[in-house]
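Below: the structure, in structure tokens.
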Amino acid sequence: MGVVGVIGFLPTKLLKKPEAQMEASDEERPLIHHLPPQEQCSKYTCDGTVNIDSKPALKQSTGNWRACFFILGVEFTECICFYGVSKNLVTYLTSVLHESNVDAAQNVSIWIGSCFFTPLIGAFLADTYWGRYWTVVMSILVIILGMIVLTISASPLFLNASFYNGGISRLTVYLGLYLFALGTGGIKPNIPAFGADQFDDANPVERVTKGSFFNWRVYRYKKLGGSPLTRVLQVLVAAARNHRLNLPDDSSLLHELPGVSEGDYRTQHTNQFRFLDKAAILSDKNCTPAAPSSPWRLCTVSQVEELKMLLRTFPVWASLVGFFMVTAQMTSTLIEQGVAMDGRVGRFTVPPASLATFDVVAVLVLIPVYDAALVPLARRATGRDRGVSHTQRIGVGLALSAVAMAYSAMVEARRLAAAAAGSTPMSIVWQVPSFFVLGAGEVFAVIGMLEFCYEQSPASMKSLGTALVQLAVAVANYLNSGMLRVVAAATARGGGGGGAGWIPDKLDEGHLDYFFWMMAALSVLNLLQFLHCSIRFRGNNTLSS
């Protein structure tokens, strides 16, 4: 999960397939064609971006790396706050608020799930009403408010106050947490896309100059294209209304706008999900001179294809949910396992939450290695610009998640044996491979999915497409929360772990290793399901590019 925040900018600069390498087949042609501008741009950007006054953006005084340094700074501080809280939260809930292991792990998963669900709201506001810049600004203010409330809840003056009690402390803590979750929803989906907006595709070499933070002569803004969710709903409603009409054999007879303004995108028709094409059927009912067509009754082919592009991402997205259920253990059960281990390393005592550093180290180390070594080797072997396909990259990440859970299960089994024998507790250092392997899995799975969603999302839904990755984290954490509750209840009634269950408050009396083995088995099933989908859709451009 850490890689989502650490490398949020990676999908903003994507390799484009040279036209000379494109095949003539329908599946391998790019789904989106950018209509080239009619005039050569000189001092203004050529991609339709504007400044704060909605005038064409000047190349020399807006955008480029000057703006991106500030954007990266916002992402960095948000990541520091989020991971600083999330990695220590389960320990705080058990030691200060005295929640049980299951309750604490469940509440952490629900909160993290909310942090990755609110990006849907942030993406909707950015794409429809506020734009990415003002959505980020407002979200920063909400995050600051949430962190202030959290700080107050943990301050000695508050804890020692005469009116203090457990209920007030709990309320204050969760108020601050969910204010932060609301604010981060405007940061996570918009920062990567906002960073991409700062570069003019027609002129990648731009002068880097200095500027001040949030100086709105500095940034470039994409013009709003209307609500992406509304456009999706219009296709569904129109297709339902026209379900009795027969589709024409010639797709060129479907409705499409005669001309497209400069800087817009037109999407090529495909034959998949043909029932949605009924939303673009021209008939006497939806297209008459006296009554102009309603978008809720007649849609364009490009609008229909936007929905198709989102639907094609679902098999990959579903597999990523299973992957993030595994990474959710880094903020819950793996931390609780670390609390039960010996944290002494030499003269130092290592907090269990600090082991998550190796997740980040794996990301920071393996990304350069991947780009500098693995991609060139794979490119020579496969002839692909990226070296490997999206499915291959994601598949490796899913396999590594199963390996990490199997290793964690073996470590826990050995820890339980040592505790039963009364010998010296196992060192927390044994957890390092688990975090490192999960970080390696994120490098493959999450980067592949971020690129995949950014590339395959329609032009008007880039923020929403990026938010799909955040939604996968949210759904995974919600599912993990429910699974923890079900496992605890089922095993405490005499299944597997005796009366204490698999995850009791005293882990020495339970069988957390059984839980990790279960997660490893689910990861293998998730990988097999993903491989089945990738083989089934191998001919589809969205999964093989």
Side-chain angles (χ1 to χ4, degrees), residues 1 84-115 150 153-154 159 164-178 180-181 325-343 351-356 405 408-409 411-413 415-416 419-420 425-426 428 431 434 474 476-519 522:
M1 182 184 63
V85 172
S86 63
K87 300 302 182 183
N88 294 280
L89 185 56
V90 71
T91 305
Y92 184 84
L93 295 180
T94 54
S95 61
V96 178
L97 297 186
H98 306 293
E99 295 184 0
S100 67
N101 279 337
V102 173
D103 288 341
Q106 187 178 16
N107 289 331
V108 170
S109 292
I110 292 174
W111 176 72
I112 293 177
S114 300
C115 287
L150 278 176
S153 71
L159 294 177
Y164 168 81
N165 59 57
I168 293 177
S169 176
R170 185 182 180 87
L171 176 63
T172 309
V173 168
Y174 281 101
L175 175 62
L177 287 174
Y178 281 93
F180 183 93
M325 288 183 69
V326 172
T327 62
Q329 309 312 314
M330 288 193 290
T331 55
S332 55
T333 54
L334 283 175
I335 300 295
E336 293 172 346
Q337 182 190 44
V339 172
M341 302 178 78
D342 184 4
S354 65
L355 269 294
M405 284 293 94
S408 298
V411 169
E412 179 64 11
R415 189 196 69 80
L416 288 173
M426 283 187 66
I428 199 172
Q431 281 195 315
S434 295
N477 276 273
Y478 289 140
L479 290 176
N480 182 59
S481 175
M483 182 178 62
L484 286 169
R485 177 58 60 189
V486 170
V487 168
T491 58
R493 288 198 295 264
W502 288 1
I503 316 176
D505 290 343
K506 296 181 179 180
L507 292 183
D508 291 349
E509 300 175 359
H511 269 289
L512 186 59
D513 55 331
Y514 292 173
F515 177 79
F516 287 145
W517 280 120
M518 183 188 73
M519 293 300 301
L522 291 176

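Residues: numbered from 1 along the sequence shown.
- The six-membered or imidazole ring of Trp502 lies near that of Tyr514, with a centre-to-centre distance under 6.0 Å.
- Considering CG of Leu89 and OG of Ser109, their distance stands at 10.0 Å, rounded to 0.5 Å.
- In this structure a side-chain-to-backbone donor-acceptor pair under 3.5 Å is present from Asn101 to Pro504.
- Closest heavy-atom contact between Ser153 and Leu150: OG-O, 2.6 Å.
- A side-chain contact (heavy atoms from CB on, under 4.5 Å) with Leu507 is found for exactly one of Thr333, Leu512, Asp513, namely Leu512.
- Pairing each heavy atom of Thr491 with each of Ala488, the nearest pair is OG1-O, 3.5 Å.
- Of the inter-residue distances, the one linking Gln431 atom CD with Ser408 atom OG reads 7.0 Å to the nearest 0.5 angstrom.
- The NZ atom of Lys506 lies 14.0 Å from the OG atom of Ser100; values are rounded to the nearest 0.5 Å.
- Closest approach of Ala104 and Val90 over heavy atoms only: CB-CG2, 3.8 Å.
- Two residues are said to be in side-chain contact when any heavy atoms from C-beta on lie closer than 4.5 Å; Phe516 and Val411 fail this criterion.
- Residues Thr331 and Ser86 have side chains that never bring a donor and an acceptor to within less than 3.5 angstrom of each other.
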Chi angles and distances behind the side-chain contact (heavy atoms from CB on, under 4.5 Å) call for Met518, Val487: CA-CA 10 Å; Met518 183 188 73; Val487 168; 3.8 Å; yes

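- The heavy-atom pair separating Arg415 from Met426 by the smallest distance is N-SD, 3.3 Å.
- Listed for the Ser481 side chain is no donor-acceptor partner under 3.5 Å among the backbone atoms of Asn477.
- With 3.5 Å as the limit, one finds a donor-acceptor pair spanning the side chains of Gln329 and Asn480.
- Between the OG atom in Ser434 and the CG atom in Leu355 there is a gap of 9.0 Å [rounded to 0.5 Å].
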side-chain contact (heavy atoms from CB on, under 4.5 Å) between Ile110 and Tyr178, worked out: CA-CA 10 Å; Ile110 292 174; Tyr178 281 93; 3.4 Å; yes

Stepwise side-chain contact (heavy atoms from CB on, under 4.5 Å) test for Arg485 and Asp103: CA-CA 8 Å; Arg485 177 58 60 189; Asp103 288 341; 2.3 Å; yes

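- Side-chain contact between Met483 and Phe515 is present, with heavy atoms from C-beta onward closer than 4.5 Å.
- Nearest heavy-atom pair, Gly338 versus Ile428, reported as atom, atom and distance to 0.1 Å: O-CD1, 3.8 Å.
- Counted by atom type alone, Ser114 and Tyr478 present one or more donor-acceptor pairs between their side chains at under 3.5 Å.
- Looking at Leu416 and His511, their side chains come closer than 4.5 Å, going by heavy atoms from C-beta outward.
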Audit row: Tyr92, Val85, side-chain contact (heavy atoms from CB on, under 4.5 Å) steps and yes/no: CA-CA 9 Å; Tyr92 184 84; Val85 172; over 6 Å; no

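- The distance from atom CH2 of Trp111 to atom OH of Tyr174, rounded to the nearest 0.5 Å, is 11.0 Å.
- Here the shortest heavy-atom pairing between Arg170 and Asn107 reads NH2-ND2, 3.9 Å.
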